[in-house]
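The structure appears below as structure tokens.
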Amino acid sequence: MVGKIGSVGLGVTLHTRRSNRSPKSKEEECESEALKADLDPEEGKESGALEAKMSLLNGITVIVGSIIGSGIFVSPTGVLKYTGSVNASLIVWITCGIFSMIGAYCYAELGTMIRVSGADYAYIMETFGPFAAFIRLWIECMIVRPCSQAIVALTFSVYVLKPLFPECDPPEDATRLLAACCILLLTFVNCWSVRAATRVQDWFTYAKLLALFIIIAVGIYQLSKGKVEHFTFEGTTNDVTSIALSFYSGLFAYNGWNYLNFIIEELKDPVRNLPRAIAISCTLVTVVYTFTNVAFYTTLSPTEVLGSAAVAVTFAERILGWFALSIPLFVAASTFGAVNGVLLTSSRLFYAGAAQGQMPAMLTMVTTRSTPAPAVLAVALLSLLYLTVSDIYALINYVGFATWLSIGAAVLCLPVLRYTQPNLERPIKVNLIFPVIYIICTILVVAVPAVASPAETGIGCMMILTAVPVYLLLLHPRTRMQCLDTLVHRFTYLVQKLTLSVRPKVK
């Protein structure tokens, strides 16, 4: 079917092309042989496939590093704005954490049952078929992931440059240039080595947790002094739409709990480590988020929080004195790690889509260092493209509901597969009440904001529907444009040579 978009590229490697070349192309032959069977100098193992190199600790840092980005530092005002009171906002933060844990628990069964990279894309493919899976793949790969990465990279550059421009905002061109440098640097790291990428994720996750623990420690000190005057239910809203929007804001801050499932093929002992990593990470993030918000409200009033564009910085300036200068650097470290986490996991989504034939075959190529360099480069190039867009925040809002809808569809795969494929091996088997609760809550969280903002919902639906002509023209076996096969084959061969990559070996 769709694999024909790059069928020639999928079926031909550099090694097989040697058979019909002239004798004088010995240099190309040596290059081809090196690509086919080079040894990874870092690991001492034969390359050519994604390898399980990530430990339990690496898995935890991937999830925590992907969830904790700029949101908790910069603007935790959305939940407070829609709930109306401090205590109600704290309840929403805790509830969103529990909600994410339920979804993650469901993903643990799916991840240990369908152990291929791609997470919800792979689950939807297995359950509902290629068309539904492609819609999920299209909206995530072409808009949500690269757009989100561009936003986080811009946040990184703003906070790096902020100490140089204390009285005004940093220049827009400088901000975009530094964001591009951030993406390019992490692209190199992810193309060079999975181990290097996970080490970056580890250390920058530690940095952001250190910043949050400093804020929490100050908050505990403030609580010991009796600073509890802002913790009331005064002003709590009764409007259902506002409450739903507050959960929407809170869940956005928790987004990323499913990212480890995207790279499950690279996780050691996934049956044991995936559920542990998910449980530890979601619990840690929920506790950290809740206590960080408590710390903010020991010093800042609700009015000050709502009026601040950077709550962590405002908090630090009020109570940390000269040490407050370090907070923008901690935020920069947080967002730098988040960019790395998005790049690390998004490239595996491109890889998984290509492996299923729904992306160009070149994205299945793996370098001699066991990294999916072409897929990493694809994510990076799209992210750099979105840096040129003036209002990418609105773009994310348009497709935000689609993201949660697709996660809900992935969780729906769990009861459907229980019915349609009861004999599948399930090392972890959750009680069906959990996916039912999650699906119902997801419908409410998606439907209420959609009714409240029909214009954005309509534009988001149109973006999703752009996947239909792409699928029909490029992927569907009856309507696809076969004239592109030769062009795709040649470009695939070029990418192989430029990135020193080959198709992964079948394990």
Side-chain angles (χ1 to χ4, degrees), residues 64 67-97 155-156 158-160 162-163 165-169 205-237 242 246-247 249-250 252-254 283-335 337-338:
V64 173
I67 294 177
I68 302 177
S70 60
I72 190 64
F73 293 107
V74 179
S75 185
T77 59
V79 176
L80 178 63
K81 176 182 177 181
Y82 291 114
T83 55
S85 70
V86 172
N87 286 3
S89 69
L90 294 177
I91 291 174
V92 168
W93 280 105
I94 296 172
T95 305
C96 288
T155 306
F156 161 80
V158 166
Y159 276 84
V160 168
K162 188 65 176 174
F165 300 90
E167 303 298 330
C168 61
D169 292 333
T205 298
Y206 301 151
K208 68 181 68 179
L209 287 175
L210 175 61
L212 291 172
F213 288 149
I214 290 172
I215 293 173
I216 291 171
V218 174
I220 293 174
Y221 174 74
Q222 290 287 86
L223 287 175
S224 68
K225 294 171 62 177
K227 300 290 185 178
V228 294
E229 61 270 19
H230 302 310
F231 296 96
T232 68
F233 284 99
E234 183 179 351
T236 303
T237 182
S242 294
S246 71
F247 277 97
S249 299
F252 179 79
Y254 283 95
T283 302
L284 177 62
V285 171
T286 302
V287 172
V288 168
Y289 272 10
T290 303
F291 280 95
T292 300
N293 277 275
V294 169
F296 288 152
Y297 293 120
T298 61
T299 303
L300 303 177
S301 67
T303 303
E304 289 175 311
V305 171
L306 291 173
S308 174
V311 177
V313 174
T314 304
F315 172 83
E317 289 174 347
R318 283 281 304 273
I319 200 168
L320 295 181
W322 63 268
F323 191 72
L325 295 175
S326 66
I327 293 300
L329 299 180
F330 277 123
V331 176
S334 173
T335 50

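- Between Pro302 and Leu80, the shortest heavy-atom contact is O-CD2, 3.7 Å.
- Counting all heavy atoms, side chain and backbone alike, Ala207 lies closest to Phe330 at O-CD2, 3.6 Å.
- Within the model, atoms OG of Ser89 and OH of Tyr297 stand 4.0 Å from one another, a figure rounded to the nearest 0.5 Å.
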Report, one line per pair, each donor and acceptor closer than 3.5 Å where one atom sits in a side chain of residues 216-224; sequence neighbours left out.
from	atom 1	to	atom 2	distance (Å)
Gln222	NE2	Thr299	OG1	3.3
Ser224	OG	Tyr221	O	2.4

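- In this structure, CD1 in Ile67 is found 9.0 Å from CG in Leu284, a value given to the nearest 0.5 Å.
- The closest side-chain heavy-atom distance from Tyr254 to Thr286 is below 4.5 Å.
- Taking CD1 of Ile215 as the reference point, atom CG of Leu210 lies at 10.0 Å (rounded to 0.5 Å).
- Between Tyr289 and Ile94, the closest side-chain pair of non-hydrogen atoms is not below 4.5 Å.
- Between Ile214 atom CD1 and Thr292 atom OG1 the span is 11.5 Å, to the nearest 0.5 Å.
- Here salt bridge (Lys or Arg N to Asp or Glu O under 4.0 Å) pairs that include residues 211-226, with residues two or more places apart or in two chains, number zero.
- Taking both residues in full, the closest heavy atoms of Val79 and Ser246 are given as CG2-O, 3.7 Å, listed atom of the first, atom of the second, then distance.
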Check against side chain to side chain contact (heavy atoms under 4.5 Å, CB included), Phe315 and Val305: CA-CA 9 Å; Phe315 172 83; Val305 171; over 6 Å; no

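- Nearest heavy-atom pair, Ser85 versus Thr236, reported as atom, atom and distance to 0.1 Å: OG-OG1, 2.6 Å.
- Here the straight-line distance linking atom CZ of Phe233 with atom CD1 of Ile91 works out to 4.0 Å at 0.5 Å rounding.
- Without hydrogens or angle criteria, Thr335 side chain to Ala332 main chain gives a donor-acceptor distance under 3.5 Å.
- Among residues at least two apart or in separate chains, salt bridge (Lys or Arg N to Asp or Glu O under 4.0 Å) pairs with a member in residues 314-328 are Glu304-Arg318.
- Taking the side chain as every heavy atom from C-beta outward, Phe291 and Leu212 never approach each other to under 4.5 Å.
- To the nearest 0.5 Å, the span separating NZ on Lys81 from OG on Ser242 amounts to 9.5 Å.
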